[in-house]
Every structure is written in structure tokens, then in C-alpha cells.
Q: 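Just passing along the structure, written as C-alpha cells.
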Amino acid sequence: RDSDAKIYTADWFYYKVENMVAADGNMRFYILLIFSCFLVVIFGLCWMNVSPKHVMSTDAWSAIFMAYQTILFAGYDSGPETPLERITFFLMITIGVIIMSILIGLVCGAIDDYMASLNAGKTKVVETGHTLVLGWNEATTRVILQCGFLRRVFMRLNETPTRRLFPWTRAIPSTPVAVAPIVVMNNKLSKEEMQEIIVATFAARNLEPRYARIGLDVVFRTGDPTHYHDLIRVAAHKATSIVIMMTDVDAEEIDMDMYAAADNSATIRTVLALRNIIYSNGWPSITFNRSLRVVAHLERECTFLSAMDVIAPDGRQCLYGQDMTLAINSLLFYCAGKPGLSRVILSLLNFEGEAFRCRPSKQLSAGPNNKLNWCTGKTVREAMLNNCWGNAILVGCDDQKQVKNTNDGYGQGIAADPEHVIAEDDVLIFISSTSSPSVTKAAADRADFEEEAKPFSIIVKTQGSILDAAAKANILKKKKDQHVLVLGWRPEWDVNPVRFGNRLKDIASGLPPGSTVTTLNPMTHEEMAEFVPLIGIAGFMKRNGSLAEKVPSEPGTKNLSPRESLEVDDTKALPPPPLAESPVDQGPWHIAGDVTFLHHPGDPLSFLDSKRVFFDHGHFTCAICLGTQKGEKIQSITRDSRVMTMML
């Protein structure tokens with residue numbers, strides 16, 4: 001039996017008192033008055049009985065008067081003797097207590113209001129060069145967590161006794177984010193709610209509080225990121241790194257009026273307000289932050305983002321838009337045919353361990369003699385093969401002067417041109433658990449490094465892809481057939497079918513011959529047959545399962561390499577040329593590389609439809625579950641439920 005089912009006397013008393021207070025707002029004062037009078041009478045009678053010889057205990061009224069004074073101000077005065085004197089004395093004491101109570105209440109109220117304003121996060125941020133996060137969405141906690149990991153890596157570099165005692169020996173941060181305070185502002189959550197979420201996130205990922213102290217290193221403020229004055233309060237014009245994360249507000253405004261609201265409306269307003277503050281408060285070359293970077297998190301295409309560019313006085317672009325749906329979808333489908341690749345990419349993007357890191361060449365020590373700025377003046381190939389790092393791998397170089405590379409097939413960044421000569425301001429990209437790689441000291445390790453570099457140098461010098469060189473050397477083994485199932489549909493594919501074609505190419509690029517890609521969504525066979533010619537894959541299908549001839553490219557265009565094809569922006573792709581033949585109803589269709597594409601109409605959430613696909617096909621090695629559906633507008637929380645239902 002539930003213990004609350006039994007009613008006690010205290011329960012009855014509290015129930016009556018609560019109802020009386022709810023019925024009359026002044027009832028609490030009446031109860032206090034009655035209770036005080038009751039105590040005065042009781043203690044007065046007790047005093048009269050325990051002290052019969054006291055001068056004021058000869059009668060009950062004198063004892064009650066004495067008890068009243070004692071309870072009120074912990075003492076009594078025996079001067080007033082007549083009833084009129086005692087009444088006057090009683091009124092003066094009572095009025096004085098009321099006045100002091102009001103004064104104390106006002107002081108306490110002012111203190112409470114001040115503490116409440118501090119807890120509300122409305123005070124100004126007095127920082128310079130800080131990291132500013134505007135808005136709140138599902139990725140905000142991960143962004144703050146990764147900034148905390150960067151702080152931990154930098155602080156661990158300087159935890160040695162020598163660097164603690166002598167500040168000039170401390171390592172230079174690889175990014176301002178590693179040392180600058182993090183300020184978060186949004187109008188969706190309160191300061192307490194944000195603190196609780198971040199504290200729980202740090203604890204879940206084992207990030208020690210001393211590396212990212214809440215309130216000191218991570219500061220929370222409440223305000224509207226689209227409001228000019230609120231941005232001034234968080235010193236947006238003095239920040240070095242700014243992340244705009246208003247995607248949830250963008251979606252809410254579209255949900256309220258999908259016909260009147262524009263895509264990325266809240267993000268656009270935030271960028272414009274931020275742009276106004278930066279130009280009006282920090283535009284002169286003396287005060288403008290030369291390290292300013294503004295990243296706008298997008299979930300929809302924003303074609304006119306370039307019209308709102310934030311340009312530094314030296315002409316450098318400071319605003320970068322990142323369409324995460326395009327990047328995540330590309331990675332999701334690209335990793336489908338490569339088991340384990342998603343785990344590798346996630347590890348490289350996570351600053352908790354070995355990850356992509358970068359530093360200017362002039363800040364790195366490398367080479368057999370562990371010399372500072374050793375990489376400057378050497379080619380990327382020489383730096384890769386002879387850096388002698390024991391805890392890092394050099395993977396790329398970014399030319400800060402944006403010099404156009406004439407070597408076809410290579411660019412800047414990861415896997416840069418091996419013949420590019422590194423300048424001291426060039427940023428070197430490497431994989432490591434620390435931002436300052438160290439040269440191995442063991443002679444045996446140095447010898448092993450040189451032996452391992454010899455066969456690798458042969459592959460690097462080979463013209464063409466490293467995978468092609470490995471295939472010629474029979475390094476790669478033949479893979480087994482892979483069968484990928486895609487459940488659901490992206491609404492963006494209806495608007496731009498080329499994006500669906502690129503996702504199919506992402507999957508097929510990692511599948512061996514004989515593999516299949518199967519889709520299950522409400523599209524009928526006839527609708528899919530009409531949709532397939534629009535996806536932009538030349539030589540995609542042919543009747544009776546044979547490959548068609550590739551459609552020639554338009555005059556003046558060149559065939560892209562596999563690496564260049566991955567870098568093509570889906571949103572800027574041209575309409576595909578007409579294919580040689582139309583697809584047959586029911587399929588199947590074939591992707592170049594002898595990968596078969598199949599389609600099954602049905603509901604991915606239906607057990608019978610999924611069962612039918614499994615019985616018709618046999619088995620699948622992996623599946624991609626999409627929470628969105630064709631022709632349906634689905635909220636984010638519903639998308640998560642759909643994905644879980646598909647998996648179950």
C-alpha cells in the first residue's frame with residue numbers, strides 16, 4: 001500500500017492552512033499575529049509561576065507585558081507601571097519593530113533582486129578576445145565541450161614545473177579558443193539551465209572542472225542574439241571567435257508561418273546585427289580584431305550569405321557559413337560502404353584524443369635536430385617524410401597567402417601539393433593528441449621512422465592516387481559484396497535531385513563490384529523512374545541491367561577526379577544532361593562500378609514493408625535511417641523517434 005494513502009493529523013492541518021492562505025492573501029499575517037499573541041500569553045503565565053517573588057510577576061498582566069518585551073527585543077524595562085504607560089510603551093515598541101522590519105525587508109529585497117539579476121545573466125561581459133556562442137541548438141553542448149577539450153590540451157602542455165614557474169617558457173596556444181573565455185548567450189534557456197546542462201555534459205565526457213571552470217572560463221548570459229543592445233552587453237565587437245547557432249529559431253519561425261518566413265531568418269538577423277556592431281564599434285584598423293572569425297551554423301541553403309560578408313580592413317573574409325546538413329549527409333552516405341570509416345572520422349574530429357590539429361610552421365619544432373621553424377623552406381613531401389615526430393603525423397598544409405597552386409589535382413589543406421614550399425606563416429595540419437608535436441628522442445625510433453618513410457615516399461612520388469599505387473602493388477585485398485539499405489527520404493532531394501545523385505555516388509565509391517544500394521520510401525516505381533534521370537549521374541542506367549554509354553560532358557568542361565568530385569558544392573551543381581535512355585519501371589538500375597541500385601515503395605516505419613524488403617533482398621550489411629520523409633514536415637523530436645523505430 002502507498003504510504004501517502006494514510007492521512008495524519010499534520011496532513012489535515014497543512015491542508016487547512018494552505019486552503020486558508022490561498023483564499024485570503026493576508027491570512028499569513030493573521031496567522032502570525034495569532035501565533036505571536038498566543039506565545040506572549042503562554043510565556044507570561046509561565047514566567048508568573050516560575051518567579052513568584054519577582055516585582056513584575058505579582059499579577060498576570062505584568063508578566064504578560066514583560067514576556068512581550070522579552071520576545072520582541074530580548075529584554076524588558078520595568079519603568080512603566082500604570083496601565084496607560086504600559087499601553088503607550090507597547091505601541092511605541094510595536095511601531096518601532098514594524099518600521100525596522102520594513103527597513104530590513106527593503107534591504108533584503110534589494111539584495112535578493114541584485115542576486116537574482118546576477119543569476120539571470122543580465123550583467124555586462126568585460127572580456128576581450130573571447131569566444132562567443134550566439135543561440136542554442138542540439139550542437140551547442142558539443143561545441144562547448146570541444147572548446148573545453150582544446151583548453152585541456154593547452155593547459156596540460158604548460159603543467160610542467162618549469163613552465164609554471166617561468167611564464168616565458170610556456171607554449172603558445174595553437175588557437176585563441178584554447179585560452180579565451182567562452183561566453184554563451186541565448187534567450188531560450190535560463191542561466192541556471194545552461195549551467196546544469198554543461199556541467200552534466202562535462203561530467204559525462206570526463207572533462208575535469210579545472211580545465212573549464214563554469215562561471216570563469218565558461219560564462220553564460222541571457223539575451224536575444226538578434227538584438228543590438230544584447231550583443232553589446234556580451235562584447236560581441238571584442239570577440240575573436242563567434243559561432244552563430246540559431247537553427248532552432250529558424251525552424252520555429254518557419255513552423256509558425258512557412259509561407260511568410262524566409263529560410264535562415266533568425267540567422268540572417270543575427271549576422272546583420274553582428275555586422276552592424278563590428279563595423280560601428282571595431283572597424284577602424286586600430287581597434288578591429290585581426291583574428292576575428294564568424295561561423296554561421298546553417299541547416300538550409302543560404303545563397304545570399306556572401307552579400308553579408310564581414311570584411312576586415314586588410315580585405316580578409318571573416319564570415320563563413322557552414323551548411324551542416326550537406327556535410328553530415330555527405331559523410332553519412334560516404335561512410336555507409338566503408339565499415340569503420342565513420343568511427344575514424346569521428347575520432348579525428350574529436351579533440352578529446354588524436355585529432356586534426358594545426359599550427360603555423362614557425363611555431364613547430366621538427367627535424368633530426370628538433371629545430372624550431374624547421375619545416376619552413378621545405379616542400380610538403382620533405383616535411384612529411386623527415387619531421388621525425390614521435391606523436392604526430394603531418395597530413396597537410398594551408399597557404400595563408402592563398403597562392404594559387406598550378407599542380408593539377410592538388411589544392412590546399414589536407415593532402416596538399418607535395419611540391420609546395422612551406423612558408424613560415426603557412427599552417428601545417430597534423431594528427432596528434434597534442435597541439436605541439438615532439439621529436440622522438442630514441443635512436444631506434446628514429447631509425448624505424450626512416451625505414452617506414454622509404455616505401456611511403458615511393459607512393460607519394462607516384463603520379464595519381466595513392467589508392468591506385470596501392471592497388472598496383474596488390475596491397476588492397478578484394479572486398480566482399482556490400483548491401484546498403486536506405487530508409488526514408490530527404491525533402492531536399494525533391495528540390496535538388498543532384499544531391500540524391502551525389503549521395504548515391506558517395507555510397508558506391510566505397511563498394512566493391514556486385515554490391516547493391518536499396519531504398520525504401522513512399523515513392524512508387526513510376527515516380528522513381530521519372531526521378532532517376534534528374535539525379536545527374538551520366539551512364540547511370542540501362543535496360544535489362546546492362547550499363548549504358550556515358551553521356552559526354554558539355555563542351556569546355558573537364559572530367560573531375562574522384563577527389564574533386566567530392567569537393568563539388570551540391571547547391572551549385574548544374575542541371576544534369578539528358579541520359580541516353582530512360583530507366584525501366586521497377587528497375588534495377590546500375591551505378592558505374594557494377595553497383596546495383598534498387599527501389600522498394602513502402603513505409604520505412606511499417607514492419608510488413610521492411611519485412612518484405614528483407615525477404616525480397618536477402619540480407620543487408622548496413623542501413624542508413626533517415627528521420628525525414630517525402631512530402632511530410634517532421635519536427636526534430638519526431639525525427640529521432642522515427643529513426644529509433646526504424647532501428648528497432
Q: Does any non-hydrogen side-chain atom of Ser438 lie less than 4.5 Å from one of Asn391?
A: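 Yes. Closest side-chain heavy atoms under 4.5 Å.
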Q: Phe531 and ring-ring contact (aromatic ring centres under 6.0 Å, His included): which partner among Trp589, Phe500, Phe597?
A: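 Testing each of Trp589, Phe500, Phe597 against Phe531, the sole residue satisfying ring-ring contact (aromatic ring centres under 6.0 Å, His included) is Phe500.
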Q: With a 3.5 Å cut-off and no angle check, do the side chains of Glu419 and Thr379 form a donor-acceptor pair?
A: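 Result is no, nothing qualifies.
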Q: Counting distance only, does the side-chain N/O of Ser347 pair as donor-acceptor with the main-chain N or O of Val344 below 3.5 Å?
A: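 Between the backbone of Val344 and the side chain of Ser347 there is no qualifying donor-acceptor contact (under 3.5 Å).
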Q: Which heavy atom of Leu157 sits nearest a heavy atom of Ser436, and at what distance?
A: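 The answer is CD1-OG, 3.7 Å.
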Q: If you look at every heavy atom in Ala383 and Leu394, which pair is closest and at what distance?
A: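 Minimum heavy-atom contact is CB-CD2, 3.6 Å.
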Q: Quick one: pull up SG in Cys302 and CD in Gln322 and give me the separation to the nearest 0.5 Å.
A: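 That separation rounds to 13.0 Å.
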Q: Hey, could you give me the CG/CD1 distance between Asn496 and Ile535, rounded to the nearest 0.5 Å?
A: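 It is 12.0 Å, given to the nearest 0.5 Å.
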Q: Answer yes or no: is there a donor N or O on one side and an acceptor on the other, between the side chain of Glu527 and the main chain of Thr524, under 3.5 Å?
A: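 Indeed, once roles are kept as given, a pair shorter than 3.5 Å links the two residues.
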Q: Looking at residues at least two apart in the chain, or sitting in another chain, which of them share a salt bridge (charged side-chain N to carboxylate O under 4.0 Å, His left out) with Arg205?
A: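 If we apply the salt bridge (charged side-chain N to carboxylate O under 4.0 Å, His left out) test to Arg205, skipping adjacent residues, the hits are Glu352.
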Q: Could you walk me through whether Ser432 and Arg357 satisfy the side chain to side chain donor-acceptor pair (under 3.5 Å) test, starting with their C-alpha distance in whole Å, then the side-chain angles of each, then the deciding distance to 0.1 Å, before giving a yes or no?
A: CA-CA 7 Å; Ser432 177; Arg357 305 182 189 275; 5.4 Å; no
Q: Is any side-chain heavy atom of Leu298 less than 4.5 Å from a side-chain heavy atom of Thr247?
A: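 Leu298 does not reach Thr247 side chain to side chain.
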Q: Starting at CZ of Phe149, measure out to CD1 of Ile144 and round the result to the nearest 0.5 Å.
A: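 Reported to 0.5 Å precision, the distance equals 12.5 Å.
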Q: Give, for atom CE of Met246 and atom CG of Asn186, the distance between the pair rounded to the nearest 0.5 Å.
A: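 CG of Asn186 is found 8.5 Å from CE of Met246.
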Q: Identify whether the distance between the nearest side-chain nitrogen and carboxylate oxygen of Lys188 and Asp248 falls below 4.0 Å.
A: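 Answer for the salt bridge query: yes.
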Q: Please tell me if the side chains of Arg381 and Leu385 come closer than 4.5 Å, counting only heavy atoms from C-beta onward.
A: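 Arg381 reaches Leu385 side chain to side chain.
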Q: Starting from the C-alpha separation in whole Å, work towards a yes-or-no answer on side chain to side chain contact (heavy atoms under 4.5 Å, CB included) for Leu520 and Phe614.
A: CA-CA 11 Å; Leu520 174 61; Phe614 272 85; over 6 Å; no
Q: Keeping the roles fixed (side chain from Thr175, backbone from Ala178), state whether a donor-acceptor pair exists under 3.5 Å.
A: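 A pair under 3.5 Å: no.
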Q: Report the C-alpha distance between Trp493 and Arg503 in whole Å, list the side-chain angles of each, state the deciding distance to 0.1 Å, and finish with yes or no for side chain to side chain contact (heavy atoms under 4.5 Å, CB included).
A: CA-CA 10 Å; Trp493 296 341; Arg503 300 295 81 78; 4.0 Å; yes
Q: Would you tell me whether Asp426 and His420 have side-chain atoms, one donor and one acceptor, within less than 3.5 Å of each other?
A: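 Distance-only check passes for Asp426 and His420.
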Q: For Ile429 and Arg359, what are the C-alpha separation, side-chain angles and deciding distance, and is it a side chain to side chain contact (heavy atoms under 4.5 Å, CB included)?
A: CA-CA 7 Å; Ile429 306 172; Arg359 267 188 184 275; over 6 Å; no
Q: Side-chain contact test, heavy atoms from C-beta onward, threshold under 4.5 Å: evaluate it for Phe430 versus Ile393 and give yes or no.
A: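 Sidechains of Ile393 and Phe430: no contact.
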Q: Under the side chain to side chain contact (heavy atoms under 4.5 Å, CB included) criterion, do Phe202 and Leu145 qualify, and how do the steps go?
A: CA-CA 7 Å; Phe202 285 176; Leu145 178 66; 3.8 Å; yes
Q: Under the rule for side chain to side chain contact (heavy atoms under 4.5 Å, CB included), what residues qualify as partners of Glu193, not counting sequence neighbours?
A: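 Here the qualifying residues are Leu189, Ser190.
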Q: If you look at every heavy atom in Leu364 and Pro437, which pair is closest and at what distance?
A: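 That would be CD2-CD, 3.6 Å.
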Q: Give a yes or no on whether the backbone of Ala355 and the side-chain of Asn350 come within a donor-acceptor separation of less than 3.5 Å.
A: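 No, Asn350 side chain to Ala355 backbone: no donor-acceptor pair under 3.5 Å.
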Q: When rounded to the nearest 0.5 angstrom, what distance separates CG in Asp250 from OG1 in Thr267?
A: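 The distance works out to 3.5 Å.
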Q: With distance as the sole test, does Ser606 use its side chain to make a donor-acceptor pair with the main-chain N or O of Asp603 at under 3.5 Å?
A: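 Such a contact is absent between Ser606 side chain and Asp603 backbone.
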Q: Does Tyr211 offer a backbone N or O that forms a donor-acceptor pair with the side chain of Arg151 under 3.5 Å?
A: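 Indeed, once roles are kept as given, a pair shorter than 3.5 Å links the two residues.
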Q: Mind checking whether Leu346 and Arg343 have side chains closer than 4.5 Å, heavy atoms only?
A: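 Result no, sub-4.5 Å side-chain heavy-atom pair not found.
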Q: Using modelled atom types only, decide if a donor and an acceptor are shared between the side chain of Arg293 and the backbone of Ile242 within a distance under 3.5 Å.
A: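 Not at all, since once roles are kept as given, no pair shorter than 3.5 Å links the two residues.
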Q: If you look at every heavy atom in Ile182 and Cys147, which pair is closest and at what distance?
A: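 Smallest heavy-atom distance, with atoms named: CD1-CB, 3.4 Å.
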Q: Can you name the ring-ring contact (aromatic ring centres under 6.0 Å, His included) partners of His483, sequence neighbours left out?
A: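 His617, His619.
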Q: Where do Glu253 and Ala266 come nearest, in terms of heavy atoms and distance?
A: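 Heavy atoms only, the tightest pair is OE1-N, 3.8 Å.
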Q: To check you understand the geometry: which heavy-atom pair defines the closest contact between Val613 and Thr518, and what is its length?
A: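 What the structure gives for the nearest pair is CG1-CG2, 4.3 Å.
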Q: Can you tell me how far the OG atom of Ser435 sits from the CZ atom of Arg156, to the nearest 0.5 Å?
A: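 If I round to the nearest 0.5 Å, the distance is 12.0 Å.
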Q: Are any non-hydrogen side-chain atoms of Ser330 and Asn502 less than 4.5 angstrom apart?
A: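 No, too far: nothing below the 4.5 Å cut-off.
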Q: Cut-off 3.5 Å, side chains only: do Asn137 and His297 have a donor facing an acceptor?
A: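 There is such a pair (donor and acceptor under 3.5 Å, judged by atom type) between the side chains of Asn137 and His297.
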Q: Can any side-chain N or O of Gln317 pair as donor or acceptor with the backbone N or O of Leu319 at less than 3.5 Å?
A: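 Yes, the answer is positive, given that a donor and an acceptor are paired below the 3.5 Å cut-off.
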Q: Check each of Leu511, Ile624, Leu598 against Val517 using the side-chain contact (heavy atoms from CB on, under 4.5 Å) test, and report the only one that passes.
A: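 One option only clears the test, and that one is Leu511.
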Q: Are side-chain heavy atoms of Thr141 and Ile198 found at a separation under 4.5 Å?
A: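 Answer yes - side chains close enough.
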Q: Is Thr516 close to Val484 at the side-chain level, that is, under 4.5 Å between some pair of heavy atoms?
A: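 Of all side-chain heavy-atom pairs linking Thr516 with Val484, none is under 4.5 Å.
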